[in-house]
Amino acid sequence: MEMIASCMGKTLFGDTHNGLFLAAPRRTGKTTFLRMDLKPALEQQGVYVIYVDLWSNLDSDPGLIIADAIGKALAKTNTAFNKITKNTRLDKVTIPGVSLGFDHPDQADTITLTDALRAMIEAAKSPVALIIDEAQHALTSERGRNTMVALKSARDQINAPGLVQLMLIMSGSDRDKLLHLVHGNSSPFFGSQVGHMPELDQDFIAFIAQEIEAVRPDLIPVHVDTLFRAFQLFGNRPQLIMTAVTDALSPLADIAERFESKVMDEALLQQKRDEDEMENAFLALTPLGQAIVWRMLEMGENFRPYDAAALDFYAEKTAKKPSIANVQKTIQILRDQNHPMIWKSAMGEYSVSDAAMHRWYLKRVKIKEWPPTRQE
């Protein structure tokens with residue numbers, strides 16, 4: 001409730017009413033929280049909620065996905081739609097580079113995104129919250145970035161001191177990528193902050209333990225501490241620990257020890273599988289590819305692929321100074337893989353595609369096992 005009050009501008013301090021930006025690793029329950037907890041809680045407060053998942057269709061331009069969601073919500077709100085078509089003879093929502101039609105091809109005029117959202121607010125007789133999941137993906141296209149700029153403009157025009165009518169809530173599975181929305185003078189939401197979405201914790205594991213004890217009284221008491229340690233090894237990913245618990249409790253498991261130990265063993269194996277996968281992916285790269293990814297991991301948001309320091313770094317790691325053209329070609333190859341290793345925004349900002357790789361890198365550096373080497 002504190003988060004909702006902040007979004008609605010009902011708290012004394014904080015900038016959340018100007019936009020809430022939350023980062024959480026993939027598969028840690030972020031989308032479930034947004035759809036099953038935050039959205040219903042906002043609706044209970046009388047807020048009209050539009051939810052958009054930019055990963056729902058990676059083949060579509062993210063700007064079009066956002067505009068389509070807003071357009072469909074507007075079309076469902078007949079009062080808003082009728083007002084627009086009756087009073088202005090306008091039938092499209094226009095964002096720079098994006099145009100949404102309402103099936104009236106004989107009408108060529110347009111309305112702005114701000115007008116569409118303002119009409120939604122008037123029709124719903126309530127504030128509107130736009131939740132954009134995996135919002136960093138919007139920056140991968142010019143249309144997507146323009147849509148973000150248009151949303152910022154709509155927020156500034158619609159909201160007033162003490163009266164928040166448009167709430168923008170954006171999440172991302174990679175904090176570094178999400179930061180590109182708020183850091184830098186050219187960022188659409190320059191000045192806002194990215195927070196860390198609270199991950200599921202011991203309360204979640206305690207709930208699982210209660211459920212187990214209810215159906216398997218022979219296992220009372222369930223060792224909650226062991227399950228929680230396993231959960232952390234799973235990267236706080238609920239699906240993985242639920243699968244491990246289900247397998248360990250199966251009549252076919254045939255284990256002589258406590259089931260919690262089996263779950264812990266699986267967590268350790270999963271951690272090793274994850275790390276081995278990243279190591280193998282890194283070692284499969286060309287020497288220049290390894291040097292580029294290494295530099296990217298080391299520099300984070302300060303990574304610049306073609307500056308003098310980067311070129312010197314590549315030369316040091318490969319024993320040969322590459323041309324800028326070779327660096328560009330290698331980066332493009334890493335972006336075009338079936339599982340891309342590099343992410344690029346429409347503004348030319350880069351980072352590794354999987355945030356888990358950065359955590360793996362930091363762990364290897366800490367234990368002085370970086371860079372990985374091929375085992376003979």
Side-chain angles (χ1 to χ4, degrees), residues 21 23 25-26 62 134-142 144-145 148 172-191 193-194 274-374:
F21 300 84
R26 292 179 62 189
E134 301 297 351
Q136 77 283 346
H137 188 57
L139 296 179
T140 60
S141 79
E142 191 64 28
R145 186 179 184 282
M148 287 294 176
S173 56
D174 188 323
R175 184 176 183 274
D176 288 344
K177 295 190 185 78
L178 202 61
L179 281 170
H180 292 305
L181 282 170
V182 301
H183 280 194
N185 293 331
S186 62
S187 299
F189 297 94
F190 175 64
Q193 301 297 316
V194 174
D274 290 343
E275 294 178 352
D276 286 349
E277 182 177 342
M278 285 182 281
E279 180 172 324
N280 291 334
F282 181 83
L283 292 175
L285 302 177
T286 64
L288 179 56
Q290 290 183 12
I292 292 170
V293 171
W294 183 344
R295 181 73 174 175
M296 195 173 293
L297 291 167
E298 183 178 281
M299 299 301 294
E301 63 181 280
N302 295 317
F303 173 74
R304 301 293 182 271
Y306 312 117
D307 64 14
L311 294 175
D312 288 343
F313 182 90
Y314 307 148
E316 176 189 348
K317 304 308 177 186
T318 64
K320 179 182 179 182
K321 190 164 187 175
S323 66
I324 290 179
N326 281 341
V327 175
Q328 290 174 326
K329 180 180 178 181
T330 302
I331 288 176
Q332 191 60 47
I333 290 172
L334 295 176
R335 291 181 62 212
D336 291 341
Q337 296 177 158
N338 288 334
H339 299 286
M341 189 169 287
I342 289 180
W343 174 89
K344 180 184 177 183
S345 77
M347 298 296 291
E349 302 150 324
Y350 296 86
S351 83
V352 291
S353 292
D354 188 351
M357 178 168 270
H358 192 254
R359 295 192 294 273
W360 165 70
Y361 162 76
L362 292 176
K363 177 182 177 181
R364 295 292 292 258
V365 169
K366 184 176 181 180
I367 61 178
K368 302 185 186 310
E369 290 186 2
W370 184 267
T373 57
R374 297 185 185 280

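Excluded from the calculations below are hydrogen atoms, water molecules and symmetry mates; all remaining heavy atoms, backbone and side chain alike, are included.
- Here A308 pairs with nothing under the side chain to side chain contact (heavy atoms under 4.5 Å, CB included) rule; sequence neighbours left out.
- Each salt bridge (charged side-chain N to carboxylate O under 4.0 Å, His left out) pair with one or both residues in residues 325-353, not counting sequence neighbours, would appear here, but there are none.
- Residues passing the ring pair (Phe, Tyr, Trp, His ring centres under 6.0 Å) test with F21 are F189, sequence neighbours excluded.
- With sequence neighbours excluded, the residues that form a side chain to side chain donor-acceptor pair (under 3.5 Å) with S141 are D61.
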Problem set entry | T286 vs I333, side-chain contact (heavy atoms from CB on, under 4.5 Å): CA-CA, chis, key distance, verdict | CA-CA 11 Å; T286 64; I333 290 172; over 6 Å; no
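- Applying the salt bridge (charged side-chain N to carboxylate O under 4.0 Å, His left out) test to pairs two or more places apart or on separate chains, those with a residue in residues 177-187 are D174-K177.
- Screening residues 326-350 for ring-ring contact (aromatic ring centres under 6.0 Å, His included), with sequence neighbours left out, gives H180-W343.
- For K321, the salt bridge (charged side-chain N to carboxylate O under 4.0 Å, His left out) test picks out D312, with sequence neighbours left out.
- Looking at residues two or more places apart in sequence or on another chain, you find a side chain to side chain donor-acceptor pair (under 3.5 Å) between E275 and K363.
- Sparse packing is recorded around CG of N338, with 12 or fewer heavy atoms of other residues, nucleotides or ligands lying under 6.0 Å away.
- For the side chain to side chain donor-acceptor pair (under 3.5 Å) test, no residue two or more places apart in sequence or in another chain qualifies with D176.
- With sequence neighbours excluded, the residues forming a ring pair (Phe, Tyr, Trp, His ring centres under 6.0 Å) with F313 are W294, listed by chain and number.
- In this structure, the salt bridge (charged side-chain N to carboxylate O under 4.0 Å, His left out) partners of D276, at least two apart in sequence or on a different chain, are K272.
- Partners of R364 according to the side chain to side chain donor-acceptor pair (under 3.5 Å) rule, which considers only residues two or more places apart in sequence or in another chain, are E279.
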Problem set entry | side-chain hydrogen bond (donor to acceptor under 3.5 Å, both in side chains) evaluation trace for E301 with S351 | CA-CA 7 Å; E301 63 181 280; S351 83; over 6 Å; no
